[in-house]
Amino acid sequence: MQVNTLILGAGAAGMMCAAHAGPSVLVIDHAKAPGEKIRISGGGRCNFTNMHTDPARFLGQNPHFHKSALSRYTQWDFLGLVDRHKIAWHEKTLGQLFCDDKATQIVDMLRTEMAQAGVQLWLQTSLVDLSHDGVLFTAQLEREGKRHSVTARNLVLATGGKSIPKMGATGLAYDIARQFGHQVTDTRPALVPLTFSDQRFAPISGVATPVIAEANGTAFEEALLFTHRGLSGPAVLQISSYWAEGDSISLDLLPGHDLPARLKTTRQTHGKRNVTTALAEILPERLVEHLAADLPLSGNVGDLSDKRIDEITVRLRHWTLTPTGSEGYRTAEVTLGGISTDGIDSKTMMSRDVPGLFMIGEAVDVTGWLGGYNFQWAWSSAVAAGRAVTKRT
Ligand SMILES: Cc1cc2nc3c(=O)[nH]c(=O)nc-3n(C[C@H](O)[C@H](O)[C@H](O)COP(=O)(O)OP(=O)(O)OC[C@H]3O[C@@H](n4cnc5c(N)ncnc54)[C@H](O)[C@@H]3O)c2cc1C
């Protein structure tokens with residue numbers, strides 16, 4: 001069988017690329033259904049983009065690489081597509097756009113776009129062998145127990161990263177990229193909860209509070225959630241992308257609060273109030289109990305000196321912790337690192353050395369913040385490749 005373009009991976013990037021890649025496109029995936037991560041994303045409502053998409057909200061060894069694709073297919077372009085398909089959406093917070101109804105609407109939208117473009121989709125299909133004669137790629141595929149040899153002028157790697165292996169994530173794109181001489185940067189789980197081997201937060205698991213969380217100089221003001229194994233919530237997922245094993249993180253438990261002024265007023269008006277009771281007015285009670293022994297927080301507010309008030313404030317504003325690890329690829333929303341952008345043309349997503357080889361989506365060393373940025377990268381990089389494929393045709 002001969003096609004113009006063979007796309008490996010029917011996830012967000014692969015399907016979007018297929019819809020833009022012109023005639024004669026075959027997309028294969030080893031899963032039973034396409035777009036499984038879209039289906040489970042955003043708590044089942046898919047945070048499909050972010051209104052504040054900006055290159056500064058992405059990580060990667062080359063901080064400029066993703067600018068071109070993001071500017072040529074923007075969040076507004078994707079929103080236009082969502083609107084054309086009459087999918088109702090809303091902004092939840094911080095520019096994050098979600099489906100009103102369910103994430104599968106985005107999968108259905110992409111399937112419709114692919115069908116309109118005449119794309120063939122082969123599910124439960126795996127790649128057995130891949131070769132290249134300098135012009136054409138030949139893939140040996142296995143589908144329903146049968147072998148198929150497919151020849152293609154363009155090959156698009158869209159098999160994503162390593163996060164959630166239970167959902168079928170593999171390192172296939174990295175292996176193929178290496179096969180063609182591309183470098184792959186170190187990868188690690190990102191947007192992932194951080195863990196403590198002593199499970200010190202198990203007694204307060206379920207407690208949530210707003211914080212400013214900071215790791216290696218980057219800070220996010222969002223919610224923190226204590227879990228049996230450690231720390232989670234958007235603030236911690238965000239800083240996990242900036243954290244590496246052995247690093248400390250810092251938590252400011254008092255965003256927007258002037259604790260010294262508050263305690264000094266309480267000292268005059270309600271001097272007999274316990275320090276813990278006064279703190280529980282602005283922090284969750286169970287968290288205050290947890291902190292009480294360590295700080296310590298015994299006694300009445302009336303007995304606190306200015307110096308002691310300052311000490312307590314500093315401790316609560318700079319709570320320094322050293323997580324032992326993260327929950328790993330098992331729960332990570334994305335993979336940090338991937339196919340090095342050095343060997344890829346940023347306008348077309350095509351290999352600089354192997355004409356016709358394209359790399360898109362999470363497999364590439366571009367990782368977004370939490371909040372719809374990773375899907376936007378999938379859409380933008382996919383459209384860049386799709387358009388370039390059409391021009392080569
Ligand atoms: C639980 C969860 C929630 C998320 N929520 C959001 C969100 O709300 N907003 C957001 O922006 N991002 C979210 N993300 C991240 C987002 O899902 C990914 O960044 C995005 O799916 C990447 O798109 P992709 O097409 O590159 O890879 P994927 O969507 O992972 O697609 C890769 C495809 O390749 C297939 N594949 C893999 N290996 C092989 C192989 N060897 N052979 C054949 N096929 C293969 C897979 O089955 C899959 O269909 C979430 C991730 C997770 C895990």
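When a residue number appears, it is its place in the shown sequence, counting from 1. Every value quoted in this text rests on a predicted model; they were computed, and no experiment measured them.
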Practice task
Check side chain to side chain contact (heavy atoms under 4.5 Å, CB included) between Glu144 and all other residues, then give those that pass, not counting sequence neighbours.
Solution key: none

Problem - Aromatic plane relationship, Phe78 with Phe48 - under 30° parallel, 30 to 60° tilted, over 60° perpendicular - result: tilted

Practice task
Assign the ring pair Trp369 / Phe220 to parallel, tilted or perpendicular, where the plane angle (0 to 90°) is split at 30° and 60°.
Solution key: perpendicular

Fill in the blank from the handout: Nearest heavy-atom approach of Glu113 to Ala19 is CB-CB, 3.8 Å

Problem - Closest non-hydrogen atom pair, Arg392 against Pro355 - result: NH1-CB, 3.9 Å

Cluster check [X], [Y]: I/L/V/M/F/W/Y, side chain < 4.5 angstrom:
X: Val334; Y: Tyr373; value: no
X: Phe98; Y: Ile106; value: no
X: Val383; Y: Trp76; value: yes
X: Leu94; Y: Leu237; value: no
X: Ile212; Y: Trp243; value: no

Supply the atom-to-atom distance [X] [atom1] to [Y] [atom2], rounded to the nearest 0.5 angstrom.
X: Phe137; Y: Thr5; atom1: CZ; atom2: OG1; value: 10.5 Å
X: Asp252; Y: Arg317; atom1: CG; atom2: CZ; value: 4.5 Å
X: Leu172; Y: Thr159; atom1: CG; atom2: OG1; value: 4.5 Å

Side chain to side chain, [X] and [Y], heavy atoms closer than 4.5 Å:
X: Trp89; Y: Asp83; answer: yes
X: Met350; Y: Ile344; answer: no
X: Phe358; Y: Asn154; answer: yes
X: Trp379; Y: Gln75; answer: no
X: Ile239; Y: Thr218; answer: no
X: Leu59; Y: Val366; answer: no
X: Thr331; Y: Pro193; answer: yes

Exercise for the section: May I ask you to check whether His182 and Ser351 show a side-chain donor-acceptor distance below 3.5 Å? Expected result: yes

Is any NZ, NE, NH1 or NH2 atom of the basic residue among [X] and [Y] found under 4.0 Å from an Asp or Glu carboxylate oxygen of the other?
X: Lys162; Y: Glu362; value: no
X: Asp198; Y: Arg200; value: yes
X: Arg286; Y: Glu289; value: no
X: Lys307; Y: Asp310; value: no
X: Lys146; Y: Glu142; value: no

Exercise for the section: Would you sort out whether Arg315 and Asp294 count as a side chain to side chain contact (heavy atoms under 4.5 Å, CB included), showing the intermediate values? Expected result: CA-CA 10 Å; Arg315 291 284 296 276; Asp294 214 29; 3.9 Å; yes

Problem - Worked check of side chain to side chain contact (heavy atoms under 4.5 Å, CB included) between Val288 and Leu297 - result: CA-CA 9 Å; Val288 175; Leu297 296 173; 4.2 Å; yes

Practice task
Please confirm whether Phe226 and His290 have ring centers closer than 6.0 angstrom.
Solution key: no

Practice task
Decide salt bridge (Lys or Arg N to Asp or Glu O under 4.0 Å) for Asp306 and Arg267; before the verdict, give the C-alpha distance in whole Å, the side-chain angles of both, and the deciding distance to 0.1 Å.
Solution key: CA-CA 10 Å; Asp306 283 0; Arg267 190 168 58 185; 2.8 Å; yes

